[in-house]
There are 2 protein chains.
Amino acid sequence: MTSDDTPRTRAPRADVRRNRARLLAAAREMFARDGAGASLEGVARLAGVGVGTLYRHFPTRQDLLEALLADAYDALADRGRELLGSPEPGRALLAWLGEFVAAVSQFQGTAPSVLVSLDAERPAGSRPCRAMRDAGEALFARAQESGEAPAGAAFLDVLKLAGGIATAAEREPGAAERLLSLAASGIAPGAAGAARDAAGGPG
Amino acid sequence: MTSDDTPRTRAPRADVRRNRARLLAAAREMFARDGAGASLEGVARLAGVGVGTLYRHFPTRQDLLEALLADAYDALADRGRELLGSPEPGRALLAWLGEFVAAVSQFQGTAPSVLVSLDAERPAGSRPCRAMRDAGEALFARAQESGEAPAGAAFLDVLKLAGGIATAAEREPGAAERLLSLAASGIAPGAAGAARDAAGGPG
DNA sequence: ACCTGAACACCGTTCAAGT
DNA sequence: ACCTGAACACCGTTCAAGT
């Protein structure tokens with residue numbers, strides 16, 4: 001019963017923080033070399049830590065990956081807020097999506113895992129991930145309001161599409177730009193509109 | 001030295017054909033239940049065959065998958081040629097792409113493997129796979145000629161984008177349609193054009 | 001409260017021995 | 001010519017014992 005009555009999170013012990021940092025550094029090194037499927041045993045070994053410690057800090061490989069992407073997500077959130085001030089909503093959105101694709105492709109085999117983290121009703125993800133999503137959504141909403149992005153689409157779908165592009169381009173540097181550009185301008189814009197109109201159109 | 005001098009492929013022994021068929025049936029069953037990452041040992045066991053036999057018939061998991069998709073690829077090739085006769089090139093292309101996405105999503109975890117089979121300079125894939133690609137390419141070329149598909153794009157990129165969509169939608173039935181529709185009409189068509197024009201534009 | 005690492009279960013792949 | 005399946009190497013994950 002000191003001054004503050006609700007300290008939900010206690011300051012972690014020094015060795016715990018250190019182990020966490022070592023694990024992240026080791027994972028970054030291993031993922032960079034062997035891809036997102038790298039041996040977790042190897043990560044622990046490289047970190048100079050028992051496997052159990054890795055599992056305690058990051059119960060699943062997915063958790064480890066999200067932690068590795070936290071910085072990139074924070075940067076994307078910042079960048080999104082910055083681009084909100086740009087005069088061209090559509091281009092701002094596309095620029096941001098390009099950076100998203102690059103960020104989730106920073107390790108081989110990473111993009112598919114990002115896709116599962118985007119999977120509908122999951123626990124919403126980490127704080128940086130949510131910040132990234134919110135920033136992107138604002139950018140997308142602005143593009144919709146200016147008529148440069150389709151009114152009927154959901155931002156989560158846009159993000160999934162970008163994740164799919166990142167996955168498809170993962171083994172071919174340079175493909176990401178081409179695929180994103182293709183998805184940006186549309187594979188068959190006129191026909192797609194016709195198909196939607198024929199199906200009843202939006203309200 | 002009988003009448004024909006160049007019989008490159010000899011008729012396979014009956015047990016070889018039977019084992020191959022059993023392996024494919026078993027793999028189909030396993031992949032349907034456990035996804036494309038199903039245990040290969042389990043496939044061999046279910047087929048009533050030694051593991052070595054599986055590896056002899058299908059050296060890699062990728063080979064097994066391509067064999068499983070052969071029928072679907074043949075059907076897509078047929079469908080592509082059929083759609084070539086339809087009066088609306090853009091819609092025909094989109095319809096075909098929708099069927100492609102559905103076909104490569106028939107097993108969980110299958111789409112990523114299809115993406116690697118689309119990977120640039122690989123040995124071009126199986127005969128059915130090439131037939132599928134050729135049919136799709138004809139459909140795409142026609143859409144380009146009619147001005148309904150972007151002139152600058154390569155068909156292989158269109159297919160990769162579709163594969164990425166299939167991957168992104170794999171865990172959510174119904175998402176494939178939405179993502180394909182989004183990619184068809186474009187995330188931000190006007191801005192994408194502006195970006196391309198600013199970059200110099202096509203010749 | 002956290003860490004260690006041996007133990008367990010499982011899988012992919014090869015290859016010597018068989019038919 | 002093809003098949004079998006034991007053998008090998010490796011990995012993820014848990015959990016009893018330690019500090």
Side-chain angles (χ1 to χ4, degrees), chain A residues 7-68 107-110 112-113 116-117, chain B residues 7-68 107-110 112-113 116-117:
Chain A
R8 299 267 171 74
T9 58
R10 295 177 55 70
R13 247 163 52 178
D15 59 334
V16 171
R17 284 184 65 86
R18 203 189 46 213
N19 280 339
R20 198 188 130 93
R22 281 185 184 172
L23 281 165
L24 284 174
R28 196 160 262 130
E29 190 175 332
M30 290 285 285
F31 279 28
R33 196 197 312 140
D34 303 339
S39 159
L40 295 182
E41 222 172 289
V43 170
R45 208 180 315 133
L46 185 61
V49 141
V51 239
T53 301
L54 185 153
Y55 280 93
R56 165 175 285 267
H57 282 264
F58 308 103
T60 71
R61 180 180 235 106
Q62 189 74 24
D63 292 321
L64 180 55
L65 182 77
E66 274 238 335
L68 281 180
F107 306 113
Q108 188 87 323
T110 259
S113 298
V116 341
S117 85
Chain B
R8 299 268 170 71
T9 58
R10 297 178 52 70
R13 248 162 53 177
D15 59 332
V16 171
R17 285 185 63 88
R18 203 188 47 212
N19 280 339
R20 199 188 130 93
R22 280 184 184 171
L23 280 165
L24 284 174
R28 196 160 261 130
E29 189 174 332
M30 291 284 286
F31 279 28
R33 197 198 311 139
D34 302 339
S39 162
L40 295 182
E41 222 173 289
V43 169
R45 208 180 313 132
L46 185 60
V49 141
V51 237
T53 301
L54 185 153
Y55 279 93
R56 166 174 283 267
H57 282 264
F58 308 103
T60 72
R61 181 180 235 107
Q62 189 75 23
D63 292 322
L64 180 55
L65 183 76
E66 274 236 336
L68 280 180
F107 305 114
Q108 189 86 325
T110 259
S113 298
V116 340
S117 85

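Values below: every heavy atom of this structure, side chains too, minus hydrogens, waters and symmetry copies. Just so it is clear, the structure is predicted and the values come from calculations on it, not from any experiment. Quick note on labels: first sequence line is chain A, next is B, and so on, each numbered from 1.
- Two residues are said to be in side-chain contact when any heavy atoms from C-beta on lie closer than 4.5 Å; A/Phe58 and A/Leu24 meet this criterion.
- Atoms CZ (A/Arg22) and C1' (C/dC3) sit 13 Å apart, rounded to a whole Å.
- The minimum heavy-atom distance linking A/Met30 with A/Ser39 is given by the pair CE-O, 3.8 Å.
- The side chain of B/Glu41 sits closest to C/dG12 out of D/dT13, D/dT4, C/dG12.
- Figure legend. C/dG12 is base-paired to D/dC8; pairs are counted as Watson-Crick or G-U wobble with both atom distances under 3.5 Å.
- Pair assignment for C/dA17 gives none, since no Watson-Crick or G-U wobble pairing has each distance under 3.5 Å.
- In the set C/dA1, C/dT14, D/dG12, the nucleotide with an atom closest to the side chain of B/Tyr55 is C/dT14.
- Put simply, CG on B/Leu64 is 15 Å from C1' on C/dT13, counting in whole angstrom units.
- Protein atom CZ of B/Arg56 is 7 Å distant from nucleotide atom C1' of D/dA1, rounded to whole Å.
- When the P atom of D/dG12 is taken as reference, atom CD of A/Gln62 falls 15 Å away, rounded to whole Å.
- Across all strands shown, C/dC3 forms no Watson-Crick or G-U wobble pair with both key distances under 3.5 Å.
- Considering only side-chain atoms of B/Asp15, the nucleotide from C/dG12, C/dC3, D/dC2 that sits closest is D/dC2.
- The CG-P distance, from B/Leu40 to C/dC10, rounds to 17 Å in whole Å.
- Between the OG1 atom of B/Thr60 and the CG atom of B/Leu40 there is a distance of 9.5 Å, given to the nearest 0.5 Å.
- Comparing D/dT4, D/dC3, D/dA6 by their nearest atom to the side chain of B/Val51 picks out D/dA6.
- Distance CG (A/Asp63) to P (D/dT13): 11 Å, rounded to an integer number of Å.
- Positionally, the nearest nucleotide of DNA chain D for B/His57 lies more toward the 5' end than for the other of B/His57 and A/Thr53.
- Listed nucleotides C/dT4, D/dC11, D/dC3 differ in distance to B/Val16; the shortest reach to its side chain belongs to D/dC3.
- Here the closest non-hydrogen pair linking A/Leu46 and A/Ala26 is CD2-O, 3.7 Å.
- The B/Asn19 side chain lies nearest to D/dC3 when the options are D/dC3, C/dA1, D/dT13.
- Side chain of B/Ser39, nearest nucleotide from C/dC2, C/dC11, C/dT4: C/dC11.
- Following rounding to the nearest Å, B/Leu46 (CG) and C/dC11 (C1') show an atom-to-atom distance of 17 Å.
- Taking CD of B/Glu41 as the start and CG of B/Leu54 as the end, the distance is 10.5 Å to the nearest 0.5 Å.
- Regarding A/Asp34, its CG atom lies at a distance of 14 Å from the P atom of D/dC10, rounded to whole Å.
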